[in-house]
There are 2 protein chains.
Amino acid sequence: MAKAPTVYDVAERSGVSIATVSRVLRSPAAVREHTRERVLAAVTELGYVPSAAARGLAARRTNVIGLFFPGHDETVPDQPVDSARGDTVPIVDDDSDTSSDTENLYFDEVLRGAEIEAWRRGFALMVAAGRGSSREALVTDIAGRVDGLAVLARTVPDELLAYVARRIPVVILAGAQREDAFDHVSASNGPGMRTLANYVLQGHGVRDVVYIAGPTDSPDDAERLAGFRDALADSGLAEHSVRILRSDFTRDGGRATAARILAADRPRAILCSNDETALGVLDVLEQRGIRVPEDVLVTGFDGITAGRHSRPRLTTVHQPMVELGRAAVHAITARLDDPTLDPQAFTLPVEVVLRESCPRV
Amino acid sequence: MAKAPTVYDVAERSGVSIATVSRVLRSPAAVREHTRERVLAAVTELGYVPSAAARGLAARRTNVIGLFFPGHDETVPDQPVDSARGDTVPIVDDDSDTSSDTENLYFDEVLRGAEIEAWRRGFALMVAAGRGSSREALVTDIAGRVDGLAVLARTVPDELLAYVARRIPVVILAGAQREDAFDHVSASNGPGMRTLANYVLQGHGVRDVVYIAGPTDSPDDAERLAGFRDALADSGLAEHSVRILRSDFTRDGGRATAARILAADRPRAILCSNDETALGVLDVLEQRGIRVPEDVLVTGFDGITAGRHSRPRLTTVHQPMVELGRAAVHAITARLDDPTLDPQAFTLPVEVVLRESCPRV
DNA sequence: TCCGCCAATGTATGCGCATACACTCGAAGT
DNA sequence: ACTTCGAGTGTATGCGCATACATTGGCGGA
């Protein structure tokens, strides 16, 4: 880790000016081949790596895009596990049947999409998870480092976003398509749920259905619920003819809600506003010996992996999570290219995926 | 997106010098409270966001840590899915039973750990996936942006790493603990496999065992195989008394290898060097009506989520993936604090997790 | 009363690069 | 032969901040 060589070192070594060195790196075509080779040789010999900080300062853009998503607020032990040379390996039993880590899949996939698209467009990707109280500081910190910022809906207060948006383009991921100054990227929550619900109501001919909604503060959930109501209307059903309950998007919440439902009666179908809730419902039904799909149909929403491994496998509406990430980056770069663009809303298509919990008729 | 305000703007507005503005932001204690408040007021009014590029240039450190992992080399469609306002939602059947996306879990978790630890230490995290031919350019590009770089083993040629390491600390994740100039962070592959194998050999009293190794170019696999051999020695078994086959770490590979094994005879236990292979083995055994664990014991390695959802659930050695990410960042920051440190190797503890495929005796 | 000292703030500089502009030189045009 | 022009290169400057050093003013001690 000796002092890092700079353009000056490379220039001196190859007998040219720093401008030429810079040109070799930025626009090679503007330099005669002979010169270019000499410079590149010096670069390799010296182990020169251009400083992105200096480049960013001079060029007034960093070529980095930021992705901000909600943190898990988990209590993190102060120290990471330390090196263990003793090498005694404990043997433990695993009796759990729920996996809490499936919930992260959503962000993981969005991130992967963002990374892919950023790379394709010559940007690097910086990620940050919002945690607790220091969120505000984190957001401005990241904002100072990037050319554009993608934020998952509801992880950052609008006020802060507006503050940041004075400086760089901000795109909101997966929230409702509001009429505001930001770009929005999200999936067709409403139409997706409507199509699935119609499949249950009309395809399976079910009337006796319960809908488990998510938390009221989730914009995605509001759209899905609206889609469900549309489906009711499509079938000429009055809204009060079905039950609509609220849960919290978690597997445990799904279980509790399923218990409440079954305490009253047994509907023919239970539609859930997300997959985790549906998995919880499946847990309770199996435990009570109620057959799915013979006795009760169950559906979810999202398309998380765990839904493919459940018994029975879960019918759901699959969101294109990777594409969401890509589209977010795409929106940012588009605005970078043309800042005068009006705020746009991108709605990505979804897919109803039929599996055993609500099979094809 | 008006021109972003700078320290000069803030200084002018609050009637102080830029040095004072900088101090308010960097070391608030050095400024009188009255002054500090005036400056902070100006900051908010102007919507000032410090430029990380300028800060990084002046301070000679960016406070960013890079994480480089292997890309999936998937063929990425040129354009992301476009906005679909028509909102026709297709309905498709999902008959697949294998999910290729579980493989990503490993990196996702490492990333999460890295993000957590980076944040705790005041660093931002930049991620990049190595893809195809431009890998070299990508690595140096990232290297120019960060204070330290964590790289998953075997994703970047040593030569390149050495080049980069002349400038910033580099830590290698999850590879063998080689004697080189880099820091290494990995899990106790050998002891983990040894413990598990001993449990099979001695706990279950099995002699008739087949071991399915992974690709020869995987350093993790080499350590696991060595651990298995140690276990053989522990039980006084000669190596030629068992069969050791090679597969490729994939579920399909596991299936093919299982078929080959069963063509010869039926061992009492099949130990696999990773979970995916083991899942493939389970597929074949179930298909042939061979009972697990009654007829054959099966074990894996890694602790991926899919192993918790299989039937029967898979006994495995669980790697602390989140901790790996944390430890990597930890190692980098340690070296940043004291560059004279000798190269270190951190070995994180693993856990044998018993599930039905090889239950507790 | 005078000096020294420290806290608070200002001034000046450099970090490493991109780039506008200036310059050179040879080829083509008149 | 002289001008024009453009390809190739060099010179000079600024990007926005941190920080070493200089400066100021107030306070306590002798």
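Labels below follow one simple rule: chain letters A, B, ... track the order of the sequence lines, proteins then strands, and each chain is numbered from 1.
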Original post:
Who passes side chain to side chain contact (heavy atoms under 4.5 Å, CB included) against A/Arg13, sequence neighbours left out?
Top reply: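 A/Arg13 satisfies side chain to side chain contact (heavy atoms under 4.5 Å, CB included) with A/Ala42, A/Glu45, A/Leu46 once adjacent residues are dropped.
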**OP:** Please identify each residue that fulfils side chain to side chain contact (heavy atoms under 4.5 Å, CB included) with B/Thr155, with sequence neighbours left out.
**Re:**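 In terms of side chain to side chain contact (heavy atoms under 4.5 Å, CB included), with neighbours along the sequence ignored, B/Thr155 is linked to B/Phe68, B/Pro70, B/Val151, B/Leu152.
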Original post:
What's the spacing between A/Ile116 CD1 and A/Arg121 CZ if we round to 0.5 Å?
Top reply: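 The distance works out to 13.0 Å.
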**OP:** Test side chain to side chain contact (heavy atoms under 4.5 Å, CB included) on B/Tyr163 and A/Val49 and set out the steps.
**Re:** CA-CA 9 Å; B/Tyr163 187 92; A/Val49 176; 3.9 Å; yes
Check the interface with nucleotides 22-27 of chain D: list each N/O to N/O pair with the protein under 3.5 Å, or write none.
none

Subject >> Under-4.0 Å salt bridge between A/Arg36 and A/Glu33 >> reply: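 Looking at A/Arg36 and A/Glu33, the cut-off is not met.
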Subject >> Presence of salt bridge, B/Arg112 and B/Asp108, under 4.0 angstrom >> reply: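 Here B/Asp108 does not pair with B/Arg112 in a salt bridge, since their nearest N and O are not under 4.0 Å apart.
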Original post:
Is B/Leu25 close to B/Tyr48 at the side-chain level, that is, under 4.5 Å between some pair of heavy atoms?
Top reply: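 Yes, close enough: below the 4.5 Å cut-off.
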Subject >> Difference in axis direction between the ends of the helix from C/dT1-D/dA30 to C/dT30-D/dA1, five pairs, 10° >> reply: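 It works out to 50° between the end axes.
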Original post:
Angle class for the A/His330/A/Phe346 ring planes (parallel below 30°, perpendicular above 60°, tilted otherwise)?
Top reply: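 Aromatic pair A/His330/A/Phe346 classed perpendicular.
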Subject >> Audit row: A/Asp147, A/Ile168, side chain to side chain contact (heavy atoms under 4.5 Å, CB included) steps and yes/no >> reply: CA-CA 6 Å; A/Asp147 292 338; A/Ile168 54 175; 5.6 Å; no
Subject >> Under 4.0 Å protein heavy-atom contacts per nucleotide of nucleotides 7-17 of chain D, with B for base, S for backbone only and - for none >> reply: -SBBB--BBBB
Expected list for residues 51-58 of chain A: side-chain donor-acceptor pairs under 3.5 angstrom, two or more places apart:
unit_1, atom_1, unit_2, atom_2, d
A/Ser51, OG, A/Ala53, N, 3.3
A/Ser51, OG, A/Ala54, N, 3.1

Original post:
Whole-Å distance between C/dG10 C1' and B/Glu12 CD?
Top reply: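 Spelled out: CD on B/Glu12 to C1' on C/dG10 is 16 Å.
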